[in-house]
Amino acid sequence: MSDAAAAVSFANVDFDRGDRHILTRITFAIAPGEFVGIIGGNGAGKSTLLRLTIGLLAPTRGDVRVFGRAPHGARGSIGYVPQRIELDPDLPLRARDFVSLGVDGATFGFPLPNAKRRTLVDEALADVGASAFADKPVGRLSGGEQQRLAIAQAIVGRPKLLLLDEPLANLDLSVAAEIVETTARIARERGITVMLVAHDVNPLVGHMDRVLYLADGRAAIGTVDAVINEDTLSRLYDRPVDVLRVRGRIIVVAG
Amino acid sequence: MQAFFASPNVDAALLASAIVAALTAAIGYFVVLRGLSFAGHAVTDIGLTGGAGAMLAGVNPLVGLIAFSVGAATAVGALGDRARERDVATGLVLALALGIGALFLHLQTTFANAQSTLLFGSVFDIAPTLLRIVAAIAAVALLALALMYRPLLFSSVAPEAARSAGVPSRAIGFAFLIVMAVAVAETAQIVGVLIATALLIGPAATAMALVREPLRGIALAMALGVLEMWLAIALSFASFDWSHGTQSWPVSFFVAIVALGAYVGARAYARARAA
């Protein structure tokens, strides 16, 4: 795959914050329609990588392209689910109002009633399985329900690329599994490329096409088996790493 | 009550107070949503110093109110989130501004009843020119709010997602503070500095407790603002008789009571409905 045809491509990307190297020589390309899990420990640079992709940060060196364009110019085709969505319980919005912001929330001018917007919102709510609580106050919903709505808000504008920053944090395992399943299904049905950040690989196994593993600011990308093994990860961490498979779960022990 | 509607000043009072109440309530919706109640209060209080300074200089107090409120809003905007962290500094600056305002009021001799006008407003003494100015400023402020409505809502509710969607959050936040400053300044001119904040926060918070949908909530806040204001004026007018025709109680007092009563009632109603 040439980089020009890629949904997202990083070419020798460095990102420094002061004297600290957050990301070092990151190079990869993600094909349109691919579901890539971005895995790594705290401070590995996962969120930075997403923020570079969406153009909220600029690389210190190297080049980031989204559908062949600079991230800034591709904004209209990116949906973004930020980290830690905790809405105020008294927020005076229904779930559908919250999702509706994803359609035209960045547009100036007074919003007139619009049948097309309503249809888009209803479809997005149905896709994430939120139709049942569409008219409930959004701040009073559970963490998993709010996470679904954040995804609906991100996909309602029909993006081609969906970025999710730690959407599984603070969720029960079963809820996390549902969120991953929902995301994968929507991506398949709508033909969306997905980059999903998580610190644990297990909920994503079986749903993602490839894993991008970050350690100490460096990256390895490939299938789960090709990346999450002792050879590859020991090279990435630059120290001995054990990969255990226990009852179908993968456990990475980086000493 | 017959005397109430027969009074020539009452028409102007009802109209002007309705305009500022509706405007302030609409702005107040976003003040509550963005957690800016304290900033709103600070901007209003600093406006008092501007109003007093303008009176001392012999110009229309509205000019000073607007100039100082906008200046204060600019400072709040420039400080950003640091304003909340530096509440000692903010408190001291506020105290200093009020102290200077008190000095201005003490020194000035041009206007009779200057203190009372600034603190409690002059709702029964509104010149036709002032009415036109107030209406024009309110129209511009409401238009500005309508134009930035969606990006303002998006950045208030989901700041990160809004920024990634291309909303210029900082610029929007700044623009909103300026519109808020103008709105509270002209509200202070009509109903007094002391009570502008009650109109800013009360109707909006009441509407939010009752309606969880932004556009309908804003419409309800505006309607509540006008009704609370009018009720306060009527009560103030009626109080003239309670005190055996010597003096009516200030509108400010009744606005505060009515706004608080409506809010407490709405919260109780919302809780009863949820249970």
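In what follows, chains carry the letters A, B, and so on, assigned in the order in which the sequence lines appear, proteins first and then strands, with residues in each chain numbered from 1.
By the 4.5 Å heavy-atom criterion applied to side chains, B:V211 and A:P92 are not counted as neighbours.
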Please report the C-alpha distance between A:F108 and B:I172 in whole Å, then the side-chain angles of each, then the deciding distance to 0.1 Å, and finally whether the side-chain contact (heavy atoms from CB on, under 4.5 Å) criterion is met. CA-CA 11 Å; A:F108 284 85; B:I172 291 275; 3.5 Å; yes
With 3.5 angstrom as the limit, list the donor-acceptor pairs from chain B to chain A, or say none if there aren't any.
{"from": "B:L147", "atom 1": "O", "to": "A:G109", "atom 2": "N", "distance (Å)": "2.7"}
{"from": "B:R150", "atom 1": "NE", "to": "A:G109", "atom 2": "O", "distance (Å)": "3.2"}
{"from": "B:R150", "atom 1": "NH1", "to": "A:D104", "atom 2": "OD2", "distance (Å)": "2.7"}
{"from": "B:R150", "atom 1": "NH2", "to": "A:G109", "atom 2": "O", "distance (Å)": "3.0"}
{"from": "B:E160", "atom 1": "OE1", "to": "A:R51", "atom 2": "NH1", "distance (Å)": "3.2"}
{"from": "B:E160", "atom 1": "OE2", "to": "A:R51", "atom 2": "NH1", "distance (Å)": "3.4"}
{"from": "B:R212", "atom 1": "O", "to": "A:R94", "atom 2": "N", "distance (Å)": "3.4"}
{"from": "B:R212", "atom 1": "NH1", "to": "A:D90", "atom 2": "O", "distance (Å)": "3.2"}
{"from": "B:R212", "atom 1": "NH1", "to": "A:L91", "atom 2": "O", "distance (Å)": "3.3"}
{"from": "B:E213", "atom 1": "N", "to": "A:P92", "atom 2": "O", "distance (Å)": "3.2"}

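For chain A, no part of B:A207 is nearby; none of its heavy atoms comes within less than 4.5 Å. Contacts of A:L93 with chain B are made by both backbone and side-chain atoms, with heavy-atom separations under 4.5 Å. Interface remark: B:L145 contributes no atoms to any contact with chain A (heavy atom separation under 4.5 Å). Proximity to chain B is limited to the side chain of A:I54, based on heavy atoms less than 4.5 angstrom apart. When heavy atoms are compared at a cutoff of 4.5 Å, B:A162 does not approach chain A at all.
Here the CZ atom belonging to A:F98 is positioned 10.5 Å from the CG atom belonging to B:L153, to the nearest 0.5 angstrom. Separating the CZ atom in A:F110 from the CG atom in B:L215 is a distance of 5.0 Å, to the nearest 0.5 Å.
The minimum heavy-atom distance between B:A161 and A:P82, with the atom names listed, is N-CG, 3.7 Å. B:A165 and A:A106 make their closest contact through O-CB, 3.7 Å (heavy atoms, listed as atom of the first residue, atom of the second, distance). In this structure, A:L87 and B:V157 approach most closely via the heavy-atom pair CD2-O, 4.0 Å.
Residues forming a side chain to side chain contact (heavy atoms under 4.5 Å, CB included) with B:L15 (at least two apart in sequence, or on another chain): B:I19, B:L131.
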